[in-house]
Each structure stands twice: as structure tokens, then as C-alpha cells.
Visitor: 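First the structure, which I've put down as C-alpha cells, then a few questions once you've had a look.
All heavy atoms count here, side chains included; hydrogens, waters and symmetry mates do not. Remember, it's 1-based here, ligands and their atoms both numbered in the order they're listed.
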Amino acid sequence: MSHAAEMPTTGVAYPTAESVEDFGRAIATVRTRIARAAGRAGRDASEVRLLPVSKTVPEDRIRLAVRAGCRALGENKVQEAKRKWQNLADVDVSWSVIGHLQTNKVKDVVAFADEFQALDSIRVADALDRRLQAAGRKLDVFVQINTSDEDSKFGLEPDQALEFLRQLRHRDSLRVQGLMTLALFTSDTERVRACFRLLRTLRDRARDLDPELIGPGELSMGMSGDYETAIEEGATVVRVGQAIFGARPTPDSHYWPGTAPEPGNVA
Ligand SMILES: *Cc1c(COP(=O)(O)O)cnc(C)c1O
């Protein structure tokens with residue numbers, strides 16, 4: 001096993017993709033690393049969905065990424081996602097909202113999102129369910145769990161997961177796909193790995209108790225700095241932004257208040 005391949009890439013300067021070719025190369029590199037990580041875990045790379053995360057990326061560059069093969073995009077903030085969805089209406093791409101949601105933004109999510117990965121309150125679940133019923137549609141959702149025990153991260157406490165999943169059973173328009181998490185932001189791979197393991201354990205426990213609680217039992221975990229570790233621990237969805245689009249000008253503290261800015265994320 002190559003040790004270097006396991007090193008978190010946090011802090012590495014991600015080059016900014018500026019052409020279809022740049023995007024093609026960046027995506028190919030990520031896919032190769034996905035395949036290697038899957039191989040190390042005895043898994044097939046086809047079990048892992050790559051969700052490119054386009055937050056802060058302007059629409060002209062998103063168009064290049066789509067031409068290079070991106071068919072789904074993840075966005076953290078609803079406002080930004082909605083603007084891009086409107087301005088890219090001519091592009092065949094599905095939108096995944098992966099950031100914390102307030103009830104006053106629920107109607108926007110119902111208007112354009114194909115997936116919501118950060119469900120962590122019954123209030124939001126109820127608001128979504130009501131709007132979805134009215135719109136006559138369903139929505140794929142992931143329940144977000146705080147596996148790192150950090151106050152700055154959103155998500156349910158691990159010991160609340162099962163009860164929350166039980167409560168979701170009565171919200172018929174929400175199609176539970178599985179669990180989502182953000183690991184600890186650290187270069188200590190073993191501590192990152194422990195977060196991913198915890199998510200997998202919770203998924204397995206729910207499945208053992210009642211497979212209907214967790215649908216296909218997906219695990220959305222892993223970002224640019226730690227997706228290979230996540231895949232080794234069973235990720236079925238990895239959310240990768242900077243390794244595809246390039247380093248972000250905004251520090252992570254913009255998305256997770258209280259998080260120390262990562263050197264690799266600051267322009
Ligand atoms: C931004 C973001 C990611 C991707 O992070 P990168 O470091 O750009 O790969 C993943 N998940 C969530 C929830 C995000 O907001």
C-alpha cells in the first residue's frame with residue numbers, strides 16, 4: 001500500500017482549472033485516485049459517485065466543467081445555488097444542496113434541487129415535506145451527522161441518528177438515501193478516518209435494525225483533502241470541490257463558523 005496516497009492533500013495548492021482541458025485533467029486525476037482508493041479497500045470504483053462542488057466558482061468556469069463531463073454539481077449555499085441554476089438553465093446538470101438549510105430557504109430547495117445532503121432537523125424536514133407535497137414531488141435527502149464532535153460543524157449528534165431516521169419515515173416526500181458527514185479538519189489521517197468509520201457504523205446499525213430506515217444506505221463523506229480515506233472507509237459519494245475547480249478564495253470558516261482557516265484554502 002502506498003503511504004503517500006493516503007496523505008491528506010489539505011494544504012496543497014490546488015491549481016485553478018481555466019479550460020475544458022484543465023477540467024478534463026483534474027477530473028481524470030480525481031477519478032484515478034478514487035479508483036486506487038477503492039482498490040485498496042477491495043471495492044469497485046463504480047460504487048463511488050463523484051459529486052463536484054462548485055461553490056464560489058463563477059458560471060463561465062462551471063460551463064467549462066460541464067463540457068468536461070460534470071453532470072451534477074454540489075453547492076453549499078442555497079442563494080448561490082439558485083442563482084447558478086437560473087443562469088445555467090440551458091445546461092443539463094442536476095443540483096445538490098450540501099450545506100445547512102434554514103426553513104426560510106426550503107422553498108428554493110424544492111424549486112430546483114435534485115438532492116439535499118444536509119438534513120439535520122425535524123423542523124426543516126417538515127417544512128420540506130410540506131412544500132414537496134404541495135409541489136407534487138419527492139426529494140432525495142441525506143441526514144447529516146456531526147462525527148467530529150466540533151461545535152462548528154452542523155449535523156445531528158451520532159446518538160440522535162436512529163431516532164431521527166425513525167421520525168423521517170412519516171415524511172413521505174423525503175427519500176432517505178443515507179448519511180452525510182464532514183470529518184475533522186486535521187492532517188491526522190487516523191482521526192479523520194475515525195469520523196468516517198463512525199458514520200459507517202451508524203449506517204450499519206440502522207440497516208441492521210430496519211433496512212427501510214436508511215434506503216440504499218449511502219455514505220456521503222470525503223472532500224478534496226480526505227476523499228481517499230473516506231472511500232477506504234466505505235464512502236459511496238465524495239464531494240470534491242478544490243481538487244477539481246482549484247483553491248477557493250474563501251476560507252472554510254465562511255461555511256463552518258469557528259473553523260480555523262486552512263492554509264491551502266486561502267488565496
Ligand atoms: C465545500 C464543500 C465540500 C468540498 O470541499 P473541497 O475542499 O472544495 O473539496 C464538501 N462538502 C461540503 C458540505 C462543502 O461545503
Visitor: When you look for heavy atoms under 4.0 Å from ligand 1, do you find them on the side chain of Q117, its backbone, both, or neither?
Guide: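 The answer is neither; Q117 stays 4.0 Å or more away.
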Visitor: Less than 3.5 Å apart, any donor N or O on the side chain of T186 or D188 sitting next to an acceptor on the other?
Guide: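 There is no such pair between these side chains.
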Visitor: Considering only heavy atoms, does V53 approach ligand 1 within less than 4.0 Å through its side chain, its backbone, both, or neither?
Guide: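 It is the side chain that touches ligand 1; the backbone stays farther off.
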Visitor: Ignoring hydrogens and angles, state whether a donor on the side chain of Q144 or D120 is under 3.5 Å from an acceptor on the partner side chain.
Guide: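 Distance-only check fails for Q144 and D120.
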Visitor: Not counting sequence neighbours, which residues clear side-chain contact (heavy atoms from CB on, under 4.5 Å) with V48? List them please.
Guide: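 Residues passing side-chain contact (heavy atoms from CB on, under 4.5 Å) with V48: I34, R43, I231, V238.
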Visitor: Salt bridge check: are R25 and D22 linked by an N-O gap of less than 4.0 Å?
Guide: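 So R25 pairs with D22 through a salt bridge.
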Visitor: Geometry only, no angles: is Q242 polar-contacting ligand 1 at N/O separations under 3.5 Å?
Guide: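 Yes.
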Visitor: Would you mind listing which atoms of ligand 1 come within a distance below 4.0 Å of any non-hydrogen atom of V240?
Guide: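 Per the distance check, 9 (O).
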Visitor: Would you mind listing which atoms of ligand 1 come within a distance below 4.0 Å of any non-hydrogen atom of R239?
Guide: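 Listed by number with element: 4 (C), 9 (O), 10 (C), 11 (N), 12 (C), 13 (C).
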Visitor: Can you check which of R248, Q144, E75 brings a heavy atom nearest to atom 8 (O) of ligand 1?
Guide: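 That would be R248.
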Visitor: Whether the E75 and S54 side chains hold a donor-acceptor pair (N or O, under 3.5 Å, no angle test) is what I'd like checked.
Guide: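 Yes, S54 and E75 have a side-chain donor paired with an acceptor closer than 3.5 Å.
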